[in-house]
Amino acid sequence: MPIVNADIAAVFGEIADLLELQGANPFRIRAYRNAARTLGEMGRSVRAMLERGEDLDALPGIGADLAGKIAEVVNTGSCAQLERLRRELPPGMTALLAIPGLGPKRVRTLHDELGIETLEQLLVAAREGRVGQVHGFGAKTQQLILDAAQRQLAQDRRFKLAAASQVADALLAELRAVPGVKQAVAGGSLRRMRDTVGDLDLLVTAGRGSPVMQRFAAGADVERVLSQGATRASIVLRSGLQVDLRAVPPASFGAAWLYFTGSKPHNIALRRLAQEAGLKLNEYGLFRGDRRIAGATEASVYQALGLDFIEPELREDRGEIDAARVHRLPRLVQLADLRGDLHSHSKASDGHDTLEAMANAARAHGLQYLAVTEHSKRLALVHGLDAGRLARQIDEIDALNARLQGIVLLKGVEVDILEDGSLDLPDAILGRLDLVVGAIHHRFDLPREQQTARLLRAMDHPHFSILAHPSGRLIDERPASDIDLQRVVRKARERGCFLELNAHPARLDLGELACRMARDEGVLVSIDSDAHSTLEFDNLRWGVGQARRGWLGPADVLNTRKLEDLRPLLAATMGRSASAITSAAPRLAAPAAAGRHQQLRKRVRSG
DNA sequence: GCCGTTTTCGGCCCGACTGTTTTCAGTCG
């Protein structure tokens, strides 16, 4: 198995954990954690960079030492320092850090005083009351450990964005009803639209004496109160979701919202920026000495730091601060920019509603076109269409389009990409469609090389428009397939076809980093609902959130285009010349894509 | 361990809450 960035990130993460237990310099530990994050997030493969002889220490947070360790892992598959640390510290001790309330110092103390090296030993010691005897520990801490064990701790569970959002909306409505509360908003990864949310961060401004903290902690769904003070409280809901509430005065609202929205690396970068300017930034405001110079709004803080306003989805310290300084932030795509949806199902396969109902619902969501893309025959379980049924649906859609007002149905299919990369329906029927959406629905577990080759072959098919849910992941249920995404994105560029960002909250696939890779390569992304009922067009907002996290603007998204501009782009992917289309050629790539396609056909014929 | 229009050494974001303390360290976000 070739070493990928995530492998090296894991090595650095473990080194950081072990160094932490050893009580090493915290900034040294942070250097490893920062490097792990950089490696995990960057689109390019460091292995490939090394093969090309590029300098790794040009990467942020990577110096000579870490560059050397990266090369060592790539070349040998292991890291001498990690091996040494593993010998010095018992394996399993890092698992103790997962218990809330236990940090490196206490884990170290437990080891030195009681000889505890594993979770099991810790539980035994806690049950026997030995933990409470240790200096600095008490009955409460001992109980904390037992409680954590009961809840099967260690798994740090995350919730899907859409589910967390519903909970947040309900809590915010309750908070707004508490006397004295002026504003109540959500921050954290929810506001940044991360695909999953670890906990909710809520913020209120409230008058003095408002009972907001007490009411919050006494809520009906509250299982446990972790902490409760005058300005801050943490609870755990019955669902296991942790919620943190913070109250600040109105003059600090913007600074506090900024702080509570994060991300942590973004906050650190801003605070450093403030520091360099002789200022101090905290959740109460931006200060010069004792004087607050900004803080009532987020915009006031950014402005005082010499930055353009940064949208929450971009606040990850992935270059947004530099871009804001030189006015180079993208105008991000918005839900209202979407003019259509290119992936949906009706009763004909596994959807719940008729074509007409779906069309009307799409129009009600402000869309001007909707592609009908039923499953193909291989998915017999969901009544996938064979060529005959698809041909009849084509006629049905033509008839329906003649009657429909204000919305156009496009004729498509979600054809299965078979294990060898061929498509599940004959060319003759695929060629009659407006677009072909291809997707994998079985054998998600092929080895990287084989899975990648499977996708590349499918995308080379003469009728192939959009690769749907490219990684195949289902959050919490199925991991992403192991594919070489960069090659897939480059293939899409060569071939002139498109990648889907499936907006279903359990998928959100492409992920944000892949979106950014597509943008960098000039490949358009289609944000689609994959709606199986009229209710699911609302899910488009989650897809838009991911796209925004991937820095996509309206021009980077396929279905922001008007229908007349979209048609030639789709026609080119279907092997039809764009010149056959009556409407004006779009600004983007259609002629070039057609040219590439002709070359491709030549190759196919000669091959 | 990284980094540098002050620095190749000496910095590295900042504050709230808890538990176990007799004034604060540890943890967390």
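Proteins get letters first, then strands, A, B, ... in listed order; numbering begins at 1 in each. It should be emphasised that the depicted structure is a prediction, and the values quoted were computed from it without experimental measurement.
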Item to complete: Answer with base, sugar-phosphate or nothing: what part of the nucleic acid does A:Asp201 contact at a heavy-atom distance below 4.0 Å?
Response: sugar-phosphate
Practice prompt. Just jot down the side-chain hydrogen bond (donor to acceptor under 3.5 Å, both in side chains) partners of A:Arg33, sequence neighbours excluded, or say none.
Written response: A:Asp17, A:Glu20
Discussion item. I'd like to know if A:Asp520 pairs up with A:Arg44 as an ion pair, taking the criterion as any Lys NZ or Arg NE/NH1/NH2 lying under 4.0 Å from an Asp or Glu carboxylate oxygen.
Written reply: no
Discussion item. Say we look at B:dG11 and B:dA16: how far apart would their P atoms be, to the nearest angstrom?
Written reply: 25 Å
Worksheet item: Given the P atoms of B:dG10 and B:dG15, what is the spacing between them in whole Å?
Response: 25 Å
Discussion item. Counting the atoms with a prime plus P, OP1 and OP2 as sugar-phosphate, which does A:Ser234 contact under 4.0 Å by heavy atoms, base, sugar-phosphate, or nothing?
Written reply: nothing
Worksheet item: Rounding to the closest angstrom, what is the interatomic distance between B:dC24 and B:dT20 at atom C1'?
Response: 10 Å
Practice prompt. For A:Phe137, report the nucleic acid contact type (base, sugar-phosphate, nothing); a contact means any heavy atom under 4.0 Å.
Written response: sugar-phosphate
Item to complete: State whether the side chain of A:Glu311 and the backbone N or O of A:Arg549 hold a donor-acceptor pair below 3.5 Å, judged by distance alone.
Response: no
Item to complete: Compute both the distance and the angle, then confirm whether A:Arg191 meets the cation-pi test with A:Trp257: under 6.0 Å from the six-membered ring centre, within 45 degrees of the axis.
Response: yes
Response to the item:
By nearest-nucleotide position on DNA chain B, the 5'-leaning member of A:Arg106 and A:Arg271 is A:Arg271
Worksheet item: Closest nucleotide of DNA chain B for A:Gly138 versus for A:Asn267: which of these residues is on the 5' side?
Response: A:Asn267
Practice prompt. Answer with base, sugar-phosphate or nothing: what part of the nucleic acid does A:Arg272 contact at a heavy-atom distance below 4.0 Å?
Written response: sugar-phosphate
Fill in: Interface limits on DNA chain B, where chain A has a heavy atom under 4.0 Å of a nucleotide atom
B:dG1 to B:dG29
Item to complete: In whole angstrom, give me the gap between the P atoms of B:dT22 and B:dC17.
Response: 23 Å
Item to complete: Give A:Leu281 one of three labels, base, sugar-phosphate or nothing, depending on what nucleic acid heavy atoms sit under 4.0 Å from its own.
Response: sugar-phosphate
Discussion item. For a quick check of understanding: with a heavy-atom distance under 4.0 Å over all strands, which category does A:Ala233 fall into, base, sugar-phosphate or nothing?
Written reply: nothing
Practice prompt. Pick base, sugar-phosphate or nothing for A:Leu102, based on heavy-atom distances below 4.0 Å to the nucleic acid.
Written response: sugar-phosphate
Fill in: B:dT18 and B:dC9, which share atom name C1', separated by this distance in whole Å
37 Å
Worksheet entry | G-U wobble or Watson-Crick pairing nucleotide for B:dG26 (cut-off 3.5 Å, both distances) | B:dC17
Discussion item. Any carboxylate oxygen within less than 4.0 angstrom of a Lys/Arg side-chain nitrogen, looking at A:Glu83 and A:Arg86?
Written reply: yes
Worksheet item: Hey, does the Lys NZ or Arg CZ of A:Arg292 hover above the aromatic six-ring of A:Tyr284, less than 6.0 Å from the centre and inside 45° of the axis?
Response: no
Discussion item. Does A:Lys264 reach a base, just sugar-phosphate, or nothing at all? Heavy atoms under 4.0 Å.
Written reply: base
Worksheet item: How would you label the contact of A:Gln242 with the nucleic acid (heavy atoms, under 4.0 Å): base, sugar-phosphate, or nothing?
Response: sugar-phosphate
Worksheet item: Cation-pi between A:Arg192 and A:Phe260: NZ/CZ under 6.0 Å from ring centre and within 45° of the ring axis?
Response: no
Item to complete: Classify the nucleic acid contact of A:Ala139 as base, sugar-phosphate or nothing, counting any heavy atom under 4.0 Å across all strands shown.
Response: sugar-phosphate
Practice prompt. Please state the C1' separation for the pair B:dT6 and B:dG1 - nearest whole angstrom.
Written response: 23 Å
Discussion item. When the C1' atoms of B:dC2 and B:dT7 are compared, how many Å lie between them, rounded to an integer?
Written reply: 14 Å
Worksheet item: Sub-3.5 Å donor-acceptor pair from the side chain of A:Arg548 to the main-chain atoms of A:Leu314, do we have one?
Response: no
